[in-house]
Structures are given as structure tokens and as C-alpha cells.
Amino acid sequence: MNEIVRVNTRTGTITKHEVTSEEARWGGRYLIAKVLLREVPPTCDPLGRFNKLIITPGLLGDTIVTTAGKFSVGGKSPLTGGVKESNAGGEAGKQIARLGIKAVILEDQPIHSQAHLLTLTANAMTLAPCAELKGKEVSETFATLRERRGPKVGILCVGPAGEMKLAGAGVAVTDAQDIQVRYAARGGLGAVMGSKGIKAIVIDDSEAAPARAFDAGLLRETSKQFAQTILDDPKTENRHKFGTPAILAAANALGLLPTRSFRTGAFEHADAISGEQVAEVIAARGGDGQSGTTCLRGCVIQCSNIFPDPSGKKTVASIQYENIALLGSNCGIGDLDGIAELNDLCNQVGVDTMEIGAAIGVAMDAGLIPFGDAKAAADLIRQIGLGTPLGRILGSGAVIAGKVLGVSRVPAIKGQGIPGYDPRALKGNGVTYVTSPMGADHTAGNAFETARTVNPLGKEKQVENSRRLQVRAAILDSMGICLFTRPPFVKHPEFFATFLKARYGWDVTYADVQRLGIDCLATEREFNQRAGVSEEFFDMPEFMRDEPLAPHQSVYDLSLEDMQQIWNVELPAGVF
Ligand code: SF4
């Protein structure tokens, strides 16, 4: 991965250059932070010509390390107004890395709106109009391009919502088997891709030379140990059997499951939408249904699933905790088939299930449709795809929906909808939502995993805990490794220094890896400061400080001043 590809979407020019020695050490989220701060005016219009969309595999993207191959998409977010990195599995990230590409940067924007297709192969890079794909839903776009280019290419695309530049739009990606639709969903980066006039990117790595590791033996051996440590962790079996919905029952028991637009933290139909129930339905219906599949080749955890309808035909792949929490309990919907349909509609239209689930919850709170009405919710998502005025409002996210519908009780921080963990009952996540440069984003530092060791309802240790988790997340997102590999990371942080030695020959220690995570966060914070969206201006939504959350009757009581202490310390090496 030693080339950066730049696509000028106004002139159609594509150039590539070799990375400098400094750029060589960047990857994934870290690269996005660095490029954004260096090249994008922080106060620019996120949907204007000076923003850039950066697509980059992590530092380990072209290796055999299990789960490596996640790729990051980044730019200035139309939702938060600050830095945004969103990552996804699927196969395209690995394919970009196999082409030797460290980053693809989409620059400028076309004068006339026209859908374009970018194609990257080992021998050519082309940008061509694709009027036939304009307005097409995601699966149809994938199918058309598959027919044209064969089953093995990787594809990224936006749906109609991205083309309409709606701030709830994400970037969709194919998986290895062409079954799942994965998403770099958060922050409205699909709208940024749409603003560049790029409908889809096809990646064909069939003629790429295999990447050479500095020490292939060391890489193989360390990868094996790493995979074994993951397999030995009890959480892995749970994730494999029940997918990410495995945590739903615990989230409900802890009283942090968003329910009816964050009015309570426990849902009376939680049993009907739990991970156990997802697995049971999949097993009972058979057909296309499958639990324990992967989103990218070589993952030993295999937390994905294919959820079938009663006849066994695939409804959606993969149904995940966040989708069930925001489109399900948050909307008062306790029926898995209804939730699966909403999930699939979001995937096809090209929007973030979390942002849209939060926006529909706000619409339900406003009385536009009743809580629990899955059919009416489906109609709202269809309206997003059709671009009706109401659809465009909801597709712009929870905050805009709240403003237009006169709802002040909006579960969002820094413009972004709160994900599936109510911060009143998981206060560490509250610290992350407020202080992370990403805004309300559970993947930026999720305290759910530490709920046994740090009292989720107390104020104590929440700031330190969030800091540790945020640094860890920044490291994993820069490596291109799945967040679910946290167990070995906690037990054996030295794996990451060894991986970098084996892949690149770098003599680094874990303290260096940790510094990378800290520098990533510092760079992101600097961008946000210059953009005028630094964390001191964004607090918890007022209702979360006033309104007790059942069943624990807890309110969010960490002060903004306390939370702002988060970066006022020196992080010692080896604390993980
Ligand atoms: S653990 Fe799940 S999300 Fe992570 S790489 Fe594996 S299948 Fe994908």
C-alpha cells in the first residue's frame, strides 16, 4: 500500500503518487485525520467542493491478520460539521489494499450533477458517466455492476439518499459472498460521496500482485496466536451464535436499551427481538437463513447473519444490535420481521439505520405516526428513497427532523443521533458521545464492554474509562481491524507492535502504537476546533439531564466541565 490515488471529480483527472515516508505510517482513521487536517479547510461546506472524501484501508489491510480488511471512509461530516471516520467490513477494503492503494481521495465536485462510476484495477483507473445507475437502490446497483464486471469485484456505492445528499446517507459495500450489504453508515459520508457525483466505485484486484510482508513467517505465526486468543475468549462464541444482537438482553436488563425515543431503557418485547430469538428464527425458518457468517474473508469470529422471511427467503443480511435497537425498541416495534424489513429498506435507500431509527423515533414522538407501527415506519423510509419533502427531512437525520416537527427532545449529540446505549444508564458512553471528535458514536469508545468493572450508573471512573476506550478504538480503526478483536488487545497489546514489525519492518513498541491512537485523536480534535465544533460546545441533550430513565430512574449527571478533563492528562504507556 504505497500509492495515494486522487480523483478530481470536476475535471475527471485521476492521478496517483507514492506515499512519503510520513504518509507510509498512516492508515484508516489515522490517515483520514491527517489528510483532513492537512488538506480540507475546516470551515468548508461539507457538501461543497473543498471537502474531500477519503477511502482508506487500515495499516494491516493487506495482511492475513483475522478481521483486517475493514476500510474507513472519512471527510468533514454534514451531520456533525466536524471530522468523521466511518468504517465497514465487506471485501472492498481488502481489495483496495491488494491493489497497493493506501487511499483514494475524491476531490472537488462536478459542475453538473451526473452519476459517475470510478473503476480501479491493477492496470487502469477510469471515471465514466453511469446515467443508467442514477437513482438506483443499492442492491440493484450492486447487481448491475456484478453483471457487467463479474462476481469477484468489490463495490462501494451510494443509494438514492446519497445522490440526494441527505445527511443520513451512508456508503454501502459488498461482502465476499455477495449476500450482505455492509455500511460505513455514520456521519452522512454517503452524502459527501453523492456531492462528488460518484455513484459507485468498482475495485478489481484480480491482476494485483500479492502484497509482500517484511517477515511473512512472523506475520503468519503472530496471526495464528492472535486468532487463537480471540477464539479462546468466551464472548466470541456468543457473538458467533447470536451475532451482535447477543447483547440485547443484557442491554435491556441494564436498562439502557433505547425504547420509544429514549423514554425508557427497557422494552417489554425485548425477548422477541433478542439475539437468541434472531438465532432461533433463523434456524427454524432455514432457507437462506444463516447465523455465524462473515462479512469479510478470514474472520474467525463470524458474527454476521442472514435473516430470512417466513418462507426462508433472505430479508436482510446482516441484522445487528444497533439496527434492532434504533429501528425496533426505539420505535416501539417488537417484531423481528418488521424490523428486518425496515433494516433492508434503509440498506436499499442508502441510509444509516441508527440515524434514521432516531429520526423516526422523533417523528413518532411528534405524533406523525404511532409508536409500534412498522408499516407506517416503512412508508417513511420509502419516502426517503423517493425524495418526498418529508422523506428528505427524515433522511437528514434526527436533529433536522426534531426542528421541523417541533420536537425539542431529540436524542442526538453534535448533530448525530445517539446509538443503542442510553447514556443515562451507561454513563461511560455519555462521556464518549460528548467528548469524542466523532460525536455520538458507540464505536468511538463503547463502555458496554466494561459494564461489569465500572458501574454504568455511577459517575466514578467514567472519564478515565472513556479515555482508555477511545484511544483503543482509534488504534483498531487505524489498523483496519474489527472492534470485536478487543479481547486479545486487552490481554496482549504487544500483538499490534509485532504485526507492524512483521508487515513493515518497523521497530515499534506498544507505546508507539498507543501514541498513534493518541495522535489520531489529537489531530481530529484540532480539526474540530478549527471547524468550530470542539467538544466544549456540545453537551448531553437537556432532557437526559432532567428526565429520569426507567427502570433505574437515572439521569445523566456528569458535568460538561468534568467530561472536558478527559484529555487533560498524560496517558502512560501500556495502560491497556
Ligand atoms: S467479527 Fe463480525 S463485523 Fe467483525 S469482521 Fe468478523 S463478521 Fe465482520
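Every number for a ligand or one of its atoms is a count from 1 in the order of the listing. Hydrogens, waters and symmetry mates play no part in the numbers below; they use all other heavy atoms, side chains included. As the structure is a computational prediction, the values presented were derived from the model and not from experiment.
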For the student: nearest non-hydrogen atoms of Gly69 and Leu296, plus distance: C-CD2, 3.8 Å

Does any donor atom in the side chain of Ser466 or Thr432 lie under 3.5 Å from an acceptor atom in the other side chain? yes

Checking a contact table here: which protein heavy atom is nearest atom 4 (Fe) of ligand 1, and how many Å away? Cys482 SG, 2.4 Å

Nearest heavy atom to atom 3 (S) of ligand 1, choosing from His240, Arg182, Arg239, belongs to Arg182

Side chains of Asp204 and Arg149: closer than 4.5 Å at any heavy-atom pair? yes

Counting the benzene-type ring for Trp, do Phe495 and Phe489 have ring centres under 6.0 Å apart? no

Which atoms from ligand 1 have a heavy atom of Ser304 less than 4.0 Å away? 7 (S)

Among non-hydrogen protein atoms, atom 2 (Fe) of ligand 1 lies closest to Cys303 SG, 2.3 Å

Quick check, are the ring centers of Phe499 and Phe226 under 6.0 angstrom apart? yes

Are Tyr421 and Tyr321 an aromatic pair, judged by ring center distance below 6.0 Å? yes

Can a non-hydrogen atom of Gly89 be found less than 4.0 Å from any atom of ligand 1? no

At less than 4.0 angstrom from any non-hydrogen atom of Lys70, what atoms of ligand 1 do you find? 3 (S)

Below 2.8 Å, can you find an N, O or S atom of Cys295 next to atom 8 (Fe) of ligand 1? yes

Ring-ring centroid check Phe214 Tyr504, cutoff 6.0 Å: no

Can you tell me which portion of Cys299 lies within the under-4.0 Å heavy-atom range of ligand 1? Options are side chain, backbone, both, or neither. side chain

Atom indices of ligand 1 within 4.0 angstrom of Ile301 heavy atoms, with elements: 1 (S)

